[in-house]
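Heavy-atom basis, side chains included; hydrogens, waters and symmetry copies ignored. Order of the sequence lines sets the chain letters (A, B, ...), proteins ahead of strands, with each chain counted from 1.
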Amino acid sequence: AQSVTQPDIHITVSEGASLELRCNYSYGATPYLFWYVQSPGQGLQLLLKYFSGDTLVQGIKGFEAEFKRSQSSFNLRKPSVHWSDAAEYFCAVGGTGRGNKLVFGAGTILRVKS
Amino acid sequence: DAGVIQSPRHEVTEMGQEVTLRCKPISGHDYLFWYRQTMMRGLELLIYFNNNVPIDDSGMPEDRFSAKMPNASFSTLKIQPSEPRDSAVYFCASRGAGVNEQYFGPGTRLTVT
């Protein structure tokens with residue numbers, strides 16, 4: 001069965017510091033991987049996605065993620081965090097097939113301190 | 001494009017009342033998903049539709065929950081009767097054929113007292 005693990009419930013970083021949010025997935029075939037961000041009181045916004053090809057994918061707001069098949073990971077990174085990046089981040093995995101249901105991780109809450 | 005539209009944004013109701021949540025997917029999208037988000041259980045898929053037909057409702061918690069999609073531009077999620085444990089944020093999402101990313105609406109925050 002598909003599953004996603006985000007091992008960090010909360011992360012606090014200083015503004016301007018680098019960020020890495022971890023995501024590990026379990027999936028029986030080549031997965032489709034996504035990162036979404038949710039600001040308080042808002043819906044989920046797609047940051048980036050990986051389907052195939054280059055394992056380093058670029059997203060919006062200066063985020064990138066790297067797919068590592070050998071580690072079943074899809075970690076999200078940003079070189080310099082801004083206060084506006086404070087939000088909750090969700091990793092999700094899906095696959096081929098009718099519907100392409102997504103399975104979401106539990107989320108990581110990012111706090112940015114000035 | 002206006003994105004996925006949900007209404008109402010907030011709903012407060014008393015236990016036992018009927019609640020109807022509404023969703024308008026992005027035009028041209030033929031998949032529609034209903035999710036529920038709570039602190040305890042995170043983001044759960046309740047049901048999804050393809051071309052207005054329910055495909056998988058295995059996530060619907062109880063018979064008190066029902067969902068319909070009478071046409072390509074409208075879906076409802078109904079809870080009857082509502083209970084306090086139904087309090088959550090309910091999201092609607094849609095996606096087009098041939099793509100895998102889902103686009104989420106702003107959610108409806110439901111409070112059942």
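Interface residue B:Q37: only side-chain heavy atoms are found under 4.5 Å from chain A. For a residue to count as touching a neighbouring chain, one of its non-hydrogen atoms must lie under 4.5 Å from one of that chain's; by this rule B:F49 does not touch chain A. Contact annotation for B:R41: neither backbone nor side-chain heavy atoms come within less than 4.5 Å of a heavy atom of chain A.
Grouping the Ile, Leu, Val, Met, Phe, Trp and Tyr side chains by contacts below 4.5 angstrom, directly or via other members, places B:I55 with B:F91. If you chain together hydrophobic residues whose side chains sit under 4.5 Å apart, B:I26 and B:F74 never meet in one group. Hydrophobic clustering keeps B:Y103 apart from B:Y90 (ILVMFWY residues linked when any side-chain heavy atoms are closer than 4.5 Å, directly or through intermediates). In the hydrophobic clustering of ILVMFWY residues, with side-chain heavy atoms under 4.5 Å counting as a link, B:M69 and B:L77 come out together. A continuous path of Ile, Leu, Val, Met, Phe, Trp and Tyr side chains, each step under 4.5 Å between heavy atoms, connects A:Y89 with A:V81, placing both in one hydrophobic cluster.
More than 12 heavy atoms of other residues, nucleotides or ligands shown are found within 6.0 angstrom of CG on B:N71. Other residues, nucleotides and ligands place no more than 12 heavy atoms under 6.0 Å from the CZ atom of B:R109.
Contacts from residues 36-65 of chain A to chain B, taken as heavy-atom pairs separated by less than 4.5 Å, involve A:Y36, A:Q38, A:G41, A:Q42, A:G43, A:L44, A:L46, A:K49, A:F51 in sequence order.
Annotation: the span from B:D56 atom CG to A:K101 atom NZ amounts to 4.0 Å, rounded to 0.5 Å.
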